[in-house]
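All remarks here apply to the structure that follows.
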Protein chains: 2
Amino acid sequence: MGPTTPSTRERIIAAASKLFYSEGVRAVSVDAVADKAGVTKRTLYYHFKSKDDLVAAYLEGRDQPNLALFRRWFSEADGSVADKVRSIFHHLAVSARHPKWKGCGFLRTSAELANMPGHPAIKIGAAHKKRFEGWLSEMFESEGIASAEPLARQVVLLMDGAFAAGLLQRDASYMETAGDAAFALVNAAVPTKTRRR
Amino acid sequence: MGPTTPSTRERIIAAASKLFYSEGVRAVSVDAVADKAGVTKRTLYYHFKSKDDLVAAYLEGRDQPNLALFRRWFSEADGSVADKVRSIFHHLAVSARHPKWKGCGFLRTSAELANMPGHPAIKIGAAHKKRFEGWLSEMFESEGIASAEPLARQVVLLMDGAFAAGLLQRDASYMETAGDAAFALVNAAVPTKTRRR
DNA sequence: CTTTGTATACTAACTAGTGAGTGTAAAATC
DNA sequence: GATTTTACACTCACTAGTTAGTATACAAAG
């Protein structure tokens, strides 16, 4: 039972994903996506009613896999909650050292489409970040942290900052620094009884 | 003695600045900038050798004024260093509530040009953020904070995160949350003798 | 003092190419 | 027989950048 042959629609999304992430959604033409997918432009427009639609599908396709990665990195890490949070940043720092790394696709797309506030892709990006923040908040709550929500938001802010600054400076170490700051904030919020000595 | 009539070059940069910031550098055509500046496209190309050049001039023109604002907000705030840092975030939150706010022009431009790593505008953006970080670090050092450099970087990360996340969510309160986190980090780093009670 | 030369600042019209999206008819796949 | 895909020509708006030429000012040469 090997992997099913991807449908045309899936191949188009996969091609769009690679191109949009590496070049930016505005820099990539619909023709380029169709070529990369090995499909005519007309076929692409059979599956997606517009380029905006395709951009939305690109981000939609990254939502769940991204969250799954974060959850895995968190659960597989040893130590306290603070350590587990820092582990996510560490894994991101490793990715950021890859030459093809271009920051966060959600944030970059929202920056590119900042003049189209109601764009479906922006809504998807916003929802994605909210889901991540919500999950983090749950993790903190289950550790008895009182300020779980603002703390989760602060951690997300550090991560988004590291995405943005790391991309601007082309320096993956921003992600580690952000992880250290997140560690400090989370550790300070953990109830004294359970804080690691 | 009044303000000197702006030169053609200055008018072009002013027009570019408004358009590039509000629409994004890729979304705005050279023609649109020329129209807004009230000059022909050929005149624009007389003063700037390419669109890339114009984009660089746009960010160059925002570097010093931006830094001056931060310095002013910092110096005019009451209280400890931590309070002064938080004051910067508070002022940014106020700006972020303006309907025309579109995040940080430097970060958004770097996101738009992520596929052109050597672009002059990206270098200018990177240098701008480094200058801000360096100035912050000096402020921390003069307060006897030992970890001035990493602390400055953490504060910058929070600010950049608030720019990115605040833009994606269209919610200025991210800037206040980031300010609170920055306050906590700075306050924890201040030598005990001088920490506010 | 008038002519000629030259540098600056500017304009209108244009080139050559790309952008998203469509029309249509025929072919392939299910 | 319905859905999916191709081939490809086409529209129309827009894009970065250019060709060729004009207005003004100021200085050197006659």
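When reading the values below, keep in mind they use all heavy atoms of this one structure, side chains included, and skip hydrogens, waters and symmetry mates. Lettering follows sequence order; numbering is per chain, from 1.
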Between B:D171 and B:S173: side-chain donor-acceptor atoms closer than 3.5 Å |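 Result is yes, a qualifying pair exists.
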Give a yes-or-no answer on whether the side chains of A:D83 and A:S80 include a donor-acceptor pair shorter than 3.5 Å.
->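 The criterion, which ignores hydrogens and geometry beyond distance, is satisfied for A:S80 and A:D83.
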Separation of atom [atom1] in [X] from atom [atom2] in [N], rounded to whole Å:
| X | N | atom1 | atom2 | value |
| --- | --- | --- | --- | --- |
| B:D31 | C:dC14 | CG | C1' | 12 Å |
| A:L44 | D:dT6 | CG | C1' | 14 Å |
| B:R9 | C:dT8 | CZ | P | 15 Å |
| B:Y45 | C:dA12 | OH | C1' | 16 Å |
| A:K41 | C:dT24 | NZ | P | 17 Å |
| B:R26 | C:dA20 | CZ | C1' | 17 Å |
| B:F48 | D:dT18 | CZ | P | 16 Å |
| B:L54 | D:dG17 | CG | C1' | 13 Å |

Just checking A:V28: base, sugar-phosphate only, or nothing, at a heavy-atom cut-off of under 4.0 Å?
-> sugar-phosphate
Name the nucleic acid region contacted by A:T43, choosing base, sugar-phosphate or nothing; use a 4.0 angstrom heavy-atom cut-off, strictly under.
->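 A:T43: base contact, heavy atoms under 4.0 Å.
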Donor-acceptor pair under 3.5 Å, A:K51 side chain vs C:dG21 base | no
Ignoring hydrogens and angles, are the base of D:dG17 and the side chain of B:R42 linked by a donor-acceptor pair under 3.5 Å?
-> no
Any donor-acceptor pair under 3.5 Å from B:K102 side chain to B:Y21 backbone |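 Checking the backbone N and O of B:Y21 against the side chain of B:K102, no donor-acceptor pair under 3.5 Å is found.
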Is the distance from OP1 or OP2 of [N] to the nearest side-chain N or O of [X] less than 4.0 Å?
| X | N | answer |
| --- | --- | --- |
| A:H47 | D:dT5 | yes |
| A:T40 | D:dC8 | no |
| A:S50 | C:dA20 | no |

Would you mind telling me which of D:dT5, C:dT8, C:dT22 lies closest to the side-chain atoms of B:Y46?
->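 Nearest nucleotide to the side chain: C:dT8.
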Are B:F74 and B:W135 close enough that their ring centers fall under 6.0 Å?
-> yes
Taking only Lys NZ, Arg NE, NH1 and NH2, and the carboxylate oxygens of Asp or Glu, determine whether A:R97 and A:E176 approach each other closer than 4.0 Å.
-> yes
